[in-house]
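I have a structure I would like to understand better, so I am pasting it below and will then ask my questions one at a time.
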Amino acid sequence: MPLVRVTGHSVLAVALILLSSKTVRAEEKTPADSPSQSAATTSATATSATTASTPTGTTVKDAKLAGDNAWMLTSAALVLMMTAPGLALFYGGLVRKKNVLGVMMQCIFLMGMNTVIWGLWGYSLAFGGDPKSADFNPWIGNGQYLLMHNVEPHWNEATHKADIPMADDIPRLTHMLFQGMFFIITPALICGAFAERMKFSTMIAFTILWGTLVYCPLAHWVWGGGILQFGSTFAIGHSPTSPGGALDFAGGTVVHISSGISALICALLIGRRLGYGSEPMPPHNLTYTMIGAAMLWVGWFGFNAGSQLKSDSIASSAMAATHFAAAAGAVAWAVAEWITRGKPSALGGCSGAVAGLVCITPASGFVNPMAAILMGIAGGLACCFACTSIKSKFRYDDSLDAFGVHGVGGTVGALLTGVFATRAVSDVNGGAPLGLIEGGRIFTGQAIATAITWLFAGIVTFVLLKVLDATMGLRVTQQQEIQGLDLSQHGEEGYIFI
Amino acid sequence: MPLVRVTGHSVLAVALILLSSKTVRAEEKTPADSPSQSAATTSATATSATTASTPTGTTVKDAKLAGDNAWMLTSAALVLMMTAPGLALFYGGLVRKKNVLGVMMQCIFLMGMNTVIWGLWGYSLAFGGDPKSADFNPWIGNGQYLLMHNVEPHWNEATHKADIPMADDIPRLTHMLFQGMFFIITPALICGAFAERMKFSTMIAFTILWGTLVYCPLAHWVWGGGILQFGSTFAIGHSPTSPGGALDFAGGTVVHISSGISALICALLIGRRLGYGSEPMPPHNLTYTMIGAAMLWVGWFGFNAGSQLKSDSIASSAMAATHFAAAAGAVAWAVAEWITRGKPSALGGCSGAVAGLVCITPASGFVNPMAAILMGIAGGLACCFACTSIKSKFRYDDSLDAFGVHGVGGTVGALLTGVFATRAVSDVNGGAPLGLIEGGRIFTGQAIATAITWLFAGIVTFVLLKVLDATMGLRVTQQQEIQGLDLSQHGEEGYIFI
Amino acid sequence: MPLVRVTGHSVLAVALILLSSKTVRAEEKTPADSPSQSAATTSATATSATTASTPTGTTVKDAKLAGDNAWMLTSAALVLMMTAPGLALFYGGLVRKKNVLGVMMQCIFLMGMNTVIWGLWGYSLAFGGDPKSADFNPWIGNGQYLLMHNVEPHWNEATHKADIPMADDIPRLTHMLFQGMFFIITPALICGAFAERMKFSTMIAFTILWGTLVYCPLAHWVWGGGILQFGSTFAIGHSPTSPGGALDFAGGTVVHISSGISALICALLIGRRLGYGSEPMPPHNLTYTMIGAAMLWVGWFGFNAGSQLKSDSIASSAMAATHFAAAAGAVAWAVAEWITRGKPSALGGCSGAVAGLVCITPASGFVNPMAAILMGIAGGLACCFACTSIKSKFRYDDSLDAFGVHGVGGTVGALLTGVFATRAVSDVNGGAPLGLIEGGRIFTGQAIATAITWLFAGIVTFVLLKVLDATMGLRVTQQQEIQGLDLSQHGEEGYIFI
Amino acid sequence: MKKIEAVIRHFKLEDIKNALMELGVQGMTISEVRGFGRQKGHTEMYRGTEYAVDFVPKVKLEIVVSNAQLASVIDTIMRTAQTGQIGDGKIFVIDLANTIRIRTGETGEDAI
Amino acid sequence: MKKIEAVIRHFKLEDIKNALMELGVQGMTISEVRGFGRQKGHTEMYRGTEYAVDFVPKVKLEIVVSNAQLASVIDTIMRTAQTGQIGDGKIFVIDLANTIRIRTGETGEDAI
Amino acid sequence: MKKIEAVIRHFKLEDIKNALMELGVQGMTISEVRGFGRQKGHTEMYRGTEYAVDFVPKVKLEIVVSNAQLASVIDTIMRTAQTGQIGDGKIFVIDLANTIRIRTGETGEDAI
Ligand SMILES: Nc1ncnc2c1ncn2[C@@H]1O[C@H](COP(=O)(O)OP(=O)(O)O)[C@@H](O)[C@H]1O
Ligand SMILES: Nc1ncnc2c1ncn2[C@@H]1O[C@H](COP(=O)(O)OP(=O)(O)O)[C@@H](O)[C@H]1O
Ligand SMILES: Nc1ncnc2c1ncn2[C@@H]1O[C@H](COP(=O)(O)OP(=O)(O)O)[C@@H](O)[C@H]1O
């Protein structure tokens, strides 16, 4: 089985695979293959579905695919934009001048490395396997999509035309791309916790392991038909009478809770920055942070509304909820500061918007605008409290508040989804009510999924860091930390204004 | 009727509404409700329109909606991007370093606050009411969309499925989102006039009032079927022989003239900045201004082409006109400076692009490329003249030229629309010619609409400011102005490069 | 008649055209006209194609157009974003502080000027003419699209409705817009070679000539049915048995090789910057460069996936290939530095991403993900080598490595397309294999097209520069160069942080 | 010859420069500094942490004058820089061993 | 009166300021400088070109003190600024002809 | 001991630094300043308003030298910094009461 070799000398292996692709495909034909196959057939059927075709032979399916694909490709672009420039600016502005490139480079490098990993094995581990098939594994994906087999189009000698694997309404490649952007930004969020002191090499090792061992399983559980997917037959708590699992429209658990709690563990294990508490460490460029926040807001439209995986009215609902929550969060945090400290800060407004966005993420496709406003307020206030009181109380150095915003906001969001979700927006439970307010009973599921994510992400991260600390070391030397990551890790300076 | 209370303790009320939503809806059933109802039905019909459905039941309507919605969601994202990062950078770069966060925070905070207002009552006041219904009010909207009722999907017990309110080709939520982005940027444009000296609290109060009392009525008049809408039976000058009203494709009157003239009033009433004329006050970061201008250019594609509210060939026309006008404006202003001052400035190029964009806004969906080029040149030269000669002549301190660019450019654009509009692009008048060049007679209507907008926006703004000056005070203290808004209003610094 | 007075001659001409348009159109009726005519008819047919229309009369064609147009308008916006903010930041950050506005202004001004040129004659020279028509010229376009005739909708007195010229699935205006964005960025790329010392006026003259004499012919050869278009009957090497021409999905030859080799000529002819070698000339703001690189990455999705000119599964393939190549390039360059110099630089990561993107451009719509990863690596390493060893060996001052990245990366990409292209992604050769790996024989064609582009772009650029040097002079004075372009050319400063 | 170093408020710079030019001062050199003194700084707040910024941005003037000019220059600075509020700044006077104009090589008072 | 000019490391500034305040120093002026000395700079690398940055960022303190305070202030700076590694910086002492407080016109030691 | 303060043109810094190193100068401190003098500034233009920028960016060198070195250092700076055009800058020489190396506590000429 070539895949073992792959992880080792991937490039070489990749080349081999490429040359011997046909054979490999042959070997790999497994029942798990069927979905893309059937999809391929579907697409074939479609093209022959003349009932709906105009004189020139365009089918309704092609037409719909054009629209859905347009939105999904746009969404993928928006989500990539969230990591950089978005997050790169948001985080980059918050650190001291001497570390700005360090933070930005983490974003750019992850954009590169995690994309490659996603293509080689990540997507397969997360989304491989068909819940309907006999040998489906609810804990982790399978090998069907390794190296993008059954994702990329492949030439069918029989029909003498290409088979194009589909994922429902969109090409599977589009689905892979869109989901891949999440695989980039999630670990990038964690960087906020160990900013200004993490060794670049260790950060890379950590991300490879974390992405493979934390993100991929979680994504499989929640979106791949696994143990947390709402309504999946494999879902915890699933029974004839109850759907089981939890609602997570765009990644409250998979993205925000997982990164947030992992961030907390990082902050605790790597320890405080040199001079933390004594020296002032103000953001060196709040204008970057504000620009970054605005880009995150815009990009989040792709993140949430794109998670509908097509361009229909639910996508519109998700975008509306996203926008209202961000807005309410921004106002809430700024006003909270105004009341408690006498001044609304620009950073507060931006942080509030992000907090609102984090909070609405799991609920975005399930709630109406007014609920979104309330969730935005809740997220804004909860995170504001976490970043101020809690953090200063326990004196851990979550440098850029990755936990304070994503961990706390994600948790609040996952739980409130159980309160505000309504079948009016997405009727995912056969007409049965969803959230508490409309008399639904999904709340317990939300709480369970949240707890599981906390535990799973927290424990695995803890173990990974302990191992890496013993082997590579987490932190740069004191010397290097004083000099700054830009010079010590990358041999560059951010600004040379002379 | 609970809605009055709502505006007061909105959050609370919102919660109530949410819990008792069904009853509230019941109370609210009014004739004005019909459009969304009928829309909902339409969407129902569509799903059952099997004539055009493929074996898998997709309808042509779904397919078209996918495409139109994809473009409209993208456009909404682009327009949000115009306010921040776009305008935040464009304006932020033009002020002095000590006020950069002040300006950016105005943008971010308005993104939050105005979005909430739009959801609570703004959209309803602007677009509430159906011109076809008996009790339609051409002066202001109604309560049908308050708190997003009849905009959001709601559960229909009868059909046991959700009714999804539509606005022609797109979900009403999409329409609300897109229009909401205009409600954000319009007041944000005004900030350019009172930059570097306005009290943050007063700015907020002013925006709430201005948005409600100036923007919403104007939007209703021009786009909601009111007294200025081209061809509306309620339009001024409407008669069997003449359509009446004025053409305003994307907001020449509603957005640019209204904000521009209000900006002038602000500049006059708040007075000059301390040291204006004696101290130099150069832009502190022109690179931001240039980046912001570029983002405005890109975002404007959503602003103008999105205003077609669907993704058809007219949207393409609008985008082409937008692009050509921006281009011509940039060249025109830069060349004008080159001739008159010996050097083409970067700021000139950027200002020209924005001027061209402002000028083409009302005409974008009605003119062909060559006309767009001419309008871009006209806009660029007119605004250049306004920002240089006129301003220095009358020595008012329109700090960032909000009037010089948006007031003047918007006016020129609204009038030239009456010259260059052609039925070839949008046949909005039953085949009759539109602009003067093709022998049409809409010019008078354009002039009238422009005059009305000037008067209305100018007078209301004047009154609002007088009231606020008496009650809250418009200006920060001298001390605070010298210290800068970043520190005095928000307790932060933009850059800490040490 | 006011229009005459408006401004310069072109404008005058434009005005005349506008007024006498009908007659002009009349004169212009040539066979070459047919495509847009037929297109117009098609669109007419479509609207009457009731077989596929819902009760409300929407046709499948309208529906598909909505989706395709949505993606293409979005792509056009993304590509514009590549020039500014993208390239403006990427290049702007790499120069010294005193030249940042100079570089950014080149981008903004080209956005303006080249758009106008494109509308007046550029598009017509590049895409005018129908390969199927008798009088088709494979070397250069014709006059059918001058001043946007037959591109813009025009009123048809006969049918008393507008004819809307189409380009296959999308309105021709959309096609013109999208292609126009390429006409902007290509010369902008060259600016990297003569940065910090080129006279602004000469840069303008050069761009006008280069765009008309180098870009337009090349675009016609490769995409307009000319001598390099794959499978065109006019293509070099075309024969019953071989398609001839070369595959260039999104501009490896037209955009990157042409600009890259021209950049090299510029660097050689304009000479080194004052103090090159003795004084250090580090990038003044690498944070801008990183943000710019990220925006280029995002924008490139529109550049490559948009080049499919519709929103189908091939667009998805193109986007996937683009993303993987960028990712692999970023990692490859950074790792190469890590190995050779002990540190992975942020600039290296960004440069690698861009190198990967350049390299995949011609192949994007023809290769699968794993091939894209290999091409990204190849591009990253090749450009890294070119920018370090080669450049320092020959000591030419390609200031921002326009040749090192675009010339080298484009060439590698064009050739590797002949290796990795597969019919599985785009079956462009009637089921015959394409790249070497699947046993195809297109490689020779790729090599020939590359050589021709090198020669053509190189020679014409050389001549143009010689002429301009003799007439206008290429370089600013020593004085001005020391003072910086911001002050000497534009009378402004980039940052005033006091 | 004396070297006058004056720490002043930013927004006074323009006035002082003009006043000194009228007085016939031929040149000066300025730089950005941050000062700490009786004038209190301000507190800034970033998310959780609030902290005091004790250093206030100021401008430092360096003016070399002949002994003859000394008094009038100091006097002019005093008058124009004064607001009466804490934080107006200080003037330091330092003896100068020599001055040289690089362009011409002139030394002493001719070089000023 | 003396003017003390000290070139120190950035991250020592906070400590020194506090130490001097305890000592009763009423004010000081700081500025960003770059220093060249025994402490080597570093090399940076941009695409092809690698080059040495010889100048290291430092902070310069300017403190005017009465002769009485001089010794103790210097001593305090010495103690707090020292790390023992190359690059700790220097202290220069300059005689001052006069000092004036702009706000009040006080001169000499009263103005400090 | 003397302290040499030289205001020079930016693009001369590299040459001067090298020349001084050859001369055996062990260290120096530089800072960004803006100068006003015979050399005219330039006018900038932003939208409507055009205004004069009288201050020209310069670099200020501070070099402490033993009396022995003084002449040669000044001479070296003169030669390397000179272009003959207005704006070359000035050299100011100040007596130094004392110098201390923080790292070692050495004082006087040993500390240079
Ligand atoms: N002892 C000192 N040494 C050097 N600079 C000083 C000293 N005292 C004050 N300054 C400078 O003078 C500025 C103003 O002094 P401050 O005490 O705040 O107000 P005032 O000058 O009105 O007494 C300070 O910000 C600082 O830059
Ligand atoms: N001769 C000098 N003149 C002016 N400044 C100096 C001189 N020598 C050193 N410095 C300043 O002191 C700083 C530290 O000096 P350096 O020789 O690097 O370490 P150390 O002070 O431990 O000997 C330098 O960065 C420079 O700013
Ligand atoms: N009287 C002065 N005091 C302090 N600095 C001065 C004085 N005169 C000139 N300078 C500095 O020297 C620089 C060059 O002086 P300038 O008169 O422009 O040319 P030159 O030195 O050739 O006469 C000025 O920019 C300023 O920084």
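Proteins come first, then strands; the chains are lettered A, B, ... in the order of their sequence lines, and each starts at number 1. Worth knowing before you read on, the calculation uses all heavy atoms, side chains too, and leaves out hydrogens, waters and symmetry mates.
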At a 4.5 Å cut-off on heavy atoms, which part of B:Met176 comes close to chain A: side chain, backbone, both, or neither? side chain
For residues A:Glu337 and B:His490, determine if any side-chain heavy atom of one lies less than 4.5 Å from a side-chain heavy atom of the other. no
With a 4.5 angstrom heavy-atom cut-off, is it the side chain or the backbone of B:Glu492 that approaches chain A, or both, or neither?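 It is the side chain, since no backbone atom gets that close.
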Residue A:Ala63 versus chain B: region with a heavy atom under 4.5 Å: both
Quick one: of B:Glu493, B:Met113, B:Met104, B:Met81, who has the most non-hydrogen atom pairs under 4.5 Å with chain A?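 Result: the option with the highest number of such pairs is B:Met104.
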Nearest 0.5 Å, what's the OH-OH distance between B:Tyr495 and A:Tyr288? 8.0 Å
With chain B, which of A:Gly342, A:Ser317, A:Pro344, A:Gly93 has the greatest number of heavy-atom pairs at distances under 4.5 Å? A:Pro344
Heavy-atom pairs under 4.5 Å with chain B, option from A:Lys310, A:Lys97, A:Lys98 with the top count: A:Lys97
Selection from A:Ala320, A:Gly302, A:Ala315, A:Pro282 maximising heavy-atom pairs under 4.5 Å formed with chain B: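 So the answer, after comparing A:Ala320, A:Gly302, A:Ala315, A:Pro282, is A:Ala320.
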With a 4.5 angstrom heavy-atom cut-off, could you sort out which part of A:Leu347 is near chain B: side chain, backbone, both or neither? both
Within the 4.5 Å heavy-atom criterion, are B:Pro153 and A:Asn368 side-chain neighbours or not? yes
Walk me through it: do B:Thr115 and A:His323 pass the test side chain to side chain contact (heavy atoms under 4.5 Å, CB included)? CA-CA 8 Å; B:Thr115 299; A:His323 189 48; 3.2 Å; yes
At a heavy-atom distance under 4.5 Å, which candidate from B:Leu73, B:Thr83, B:Ile184, B:Ile108 has the highest pair count against chain A? B:Leu73
Could you check if a side-chain atom of A:Val60 sits within less than 4.5 angstrom of a side-chain atom of B:Thr59, using non-hydrogen atoms only? no
Can you confirm whether A:Met290 sits close enough to B:Leu101 that some side-chain heavy atom of one is under 4.5 Å from a side-chain heavy atom of the other?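 Yes, side chains in contact.
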Option that, when pairs with chain B are counted at under 4.5 Å, heavy atom only, ranks first among A:Ser311, A:Ala424, A:Cys350, A:Ala66: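 Result: the option with the highest number of such pairs is A:Ser311.
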Counting only heavy atoms closer than 4.5 Å, note whether B:Pro171 contacts chain A via side chain, backbone, both or neither.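 For B:Pro171, the contact with chain A is made by the side chain alone.
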If you count heavy-atom pairs under 4.5 Å with chain B, which of A:Asn285, A:Val331, A:Val100 comes out on top? A:Asn285
Checking B:Leu177 against chain A: side chain, backbone, both or neither under 4.5 Å from a heavy atom? side chain
Of the backbone (N, CA, C, O) and the side chain (C-beta and beyond), which part of B:Ile291 lies under 4.5 Å from a heavy atom of chain A, both, or neither? neither
A:Pro369 pairs by side chain to side chain contact (heavy atoms under 4.5 Å, CB included) with which of B:Val151, B:Leu147, B:Leu173?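 Output: one option passes, namely B:Leu173.
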Does any heavy atom of chain B fall under 4.5 Å from the side chain of A:Ala334, the backbone, both, or neither of them?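 Interface part for A:Ala334: side chain.
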Contact origin within B:Gln106 toward chain A - heavy atom pairs under 4.5 Å: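 Neither part.
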Measuring only between side-chain heavy atoms, which start at C-beta, is A:Glu438 closer than 4.5 Å to B:Trp155?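 Contact flag for A:Glu438/B:Trp155 side chains = no.
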Can you check whether A:Met370 reaches B:His149 side chain to side chain, under 4.5 Å on heavy atoms? no
Can you tell me if A:Lys61 uses its side chain to pair, donor with acceptor, with the backbone of B:Thr58 under 3.5 Å?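 Flag not set: sc A:Lys61 to bb B:Thr58 has no pair under 3.5 Å.
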Describe, in one word, how the ring planes of B:Phe109 and A:Trp338 are oriented to each other, choosing from parallel (under 30°), tilted (30 to 60°) and perpendicular (over 60°). perpendicular
Quick check on the interface: out of B:Gly119, B:Gly102, B:Gly112, who has the most heavy-atom pairs with chain A under 4.5 Å?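 Heavy-atom pair counts peak at B:Gly112.
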